[in-house]
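Data block below; observations after.
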Amino acid sequence: MLSLVDIRTRIEAGTLTPEGAVRLSRDAIAAREPAVGALAYIAEAPAIPAEGPLAGIAVGVKDIIDTADLATQMGSPIYAGWRPKADAAVVSRLRALGACVLAKTTTSPFASIDPTETRNPHDPGHTPGGSSAGSAAAVAAGMLPLALGTQTGGSVIRPASFCGCAAIKPSFRLLPTVGVKTFSWALDTLGLFGAGVRDLSYALAHLAGRPEIDGAAASANPRIGLVLQDFAGAAEPEAQRALEAARSAAERAGARVSTVALPDPLPEAWALHRVIQDYEGRQALAWEIAAHRAELPATVGGHLDAAAAITAAEYDAARRCAHRSRRVLKDLFGDFDALLTYSAAGPAPAGLGGTGDPRYNRLWTLMGVPCVNVPVPGDGLPVGVQVVARFGDDGRALAVARLIEGALARG
Ligand SMILES: NC(=O)CC(=O)O
């Protein structure tokens, strides 16, 4: 994969130009894109700024995020050829930092649960996951050093796990979702994909304007809570092995790991995520439902139809439970620096008819806490683990993730 930090180091050392760095991506795209299909389109002659902390970094932007110079089609024929007048706020930030917005990446329609045409870069017979399919696949295939995605359920962490790259779903609203097509205003969160954790730390610190994120260090003996999320069902053997490998690696690196069961009402909040997601989705996509219902794909269309039965009282009760759960989780983090749990139920499922199950992701999205996918080395298709920290502690999530990543690499 192309490491953002390595590219920046070479540019700052004068051994690589920004144009040369973008050429690395174009060459990799030429080699891998035909088999992977991660990109909705590629800019013909994008600006390649000479200066800035992201100069020379070719970025892929999920195609629900507005770009003024490229179409934004939401993964749907309803928006075929749609050209926003303005960049999304996060895209403007990327350009101000010197990044080259090289491509739009494929998305499940409206960033929901239906599949894309993109294939897993490790095995074209398997899904790359979703809904940020193209962003995960493009980074994992070595085409891009950085890509933007979004998560409402598990759309950043799960595809990163399936494709074998690092990713962060930051704290809720750390990055502005202005100019990002809304599915759920209580859940939608911008995320980043990179080759490794240090690449995420560098990019997020600059995008968020918070240099402390890149400088955060894990304590010498971080306290890590191992969370199995039993209420979400059993994980597959490959995911269980990956979690055990990560736990052992963390302990080798000096962490104190203990298993913790999530207290009530967290399991109840997990079950109520869908109520909030779909109740808001039906309102956010009211125009598409009214004017283009026949063009909505089967799964998301069915979910939005079913959401008509969710009452305002049920929605309000779900939000109250989420609020109580955030307080309970904040108290839990008084005993732990981070939590370690599954990123996905197992490796990428076979076939391109689905994007996998967000069952190990949705609670953390609802809680608004930072989550980092750490790929776990092994045979076969990639499997990752998820490091979760308290709300607002994105630097600590990345620091603990990096500690585990390094210990796994040392074996
Ligand atoms: N947008 C989402 O997060 C839905 C999913 O988990 O695939």
Side-chain angles (χ1 to χ4, degrees), residues 61-65 74-76 105-118 120 126-137 147-163 167-173 175 177 180-193 229 232-233 270-282 284-285 288 296-304 306-307 322 341-346 348-349 351-373 384 386 388:
V61 177
K62 184 176 182 179
D63 205 24
I64 60 161
I65 302 171
M74 319 301 177
S76 168
T105 56
T106 63
T107 176
S108 299
F110 303 102
S112 185
I113 200 79
D114 292 279
T116 67
E117 296 299 316
T118 303
N120 191 301
H126 290 250
T127 176
S131 61
S132 308
S135 290
L148 297 185
T150 64
Q151 179 158 313
T152 304
S155 288
V156 168
I157 298 300
R158 182 170 85 258
S161 179
F162 285 169
C163 292
I168 182 166
K169 183 219 61 77
S171 293
F172 184 58
R173 291 188 179 142
L175 298 175
T177 55
V180 180
K181 179 65 174 173
T182 297
F183 193 96
S184 164
W185 54 86
L187 295 166
D188 295 351
T189 307
L190 279 165
L192 304 178
F193 296 83
Q229 299 187 76
W270 172 84
L272 292 172
H273 167 278
R274 178 97 172 261
V275 170
I276 295 170
Q277 175 186 266
D278 290 356
Y279 184 89
E280 293 187 352
R282 183 169 175 82
L285 296 178
E288 290 82 359
L296 291 173
T299 308
V300 69
H303 289 180
L304 294 174
T341 190
Y342 300 113
S343 285
L352 302 180
T355 64
D357 185 332
R359 67 178 187 259
Y360 293 114
N361 314 118
R362 63 167 67 107
L363 173 62
W364 315 113
T365 312
L366 180 59
M367 294 296 97
V369 291
C371 312
V372 182
N373 179 69
Q386 189 174 190
V388 180

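Computed from a predicted model, the values in this text were never measured in an experiment. Whatever order the structure lists ligands and atoms in, that order sets their numbers, starting from 1. We're numbering straight along the sequence, starting at 1.
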Q. Who passes side-chain hydrogen bond (donor to acceptor under 3.5 Å, both in side chains) against Lys62, sequence neighbours left out?
A. Ser131, Ser132, Thr150
Q: Could you tell me whether the side chains of Thr107 and Asp63 share a donor-acceptor contact shorter than 3.5 Å?
A: no
**Q.** Taking every non-hydrogen atom, the tightest pair across Pro358 and Ile113
**A.** CD-CD1, 4.3 Å
Q: Output the set of protein residues with a heavy-atom contact under 4.0 Å to ligand 1, ordered first by chain identifier and then by residue number.
A: Ala111, Ser112, Ile113, Gly130, Ser131, Gln151, Thr152, Gly153, Gly154, Ser155, Arg158, Pro358
(Q) Testing the 3.5 Å rule here: is there a donor-acceptor pair between the side chains of Asn373 and Ser343? (A) yes
Q | Residues Asp114 and Ser108: side-chain donor-acceptor under 3.5 angstrom | A | no
**Q.** Close side-chain approach of Phe162 and Thr355, heavy atoms under 4.5 Å
**A.** no
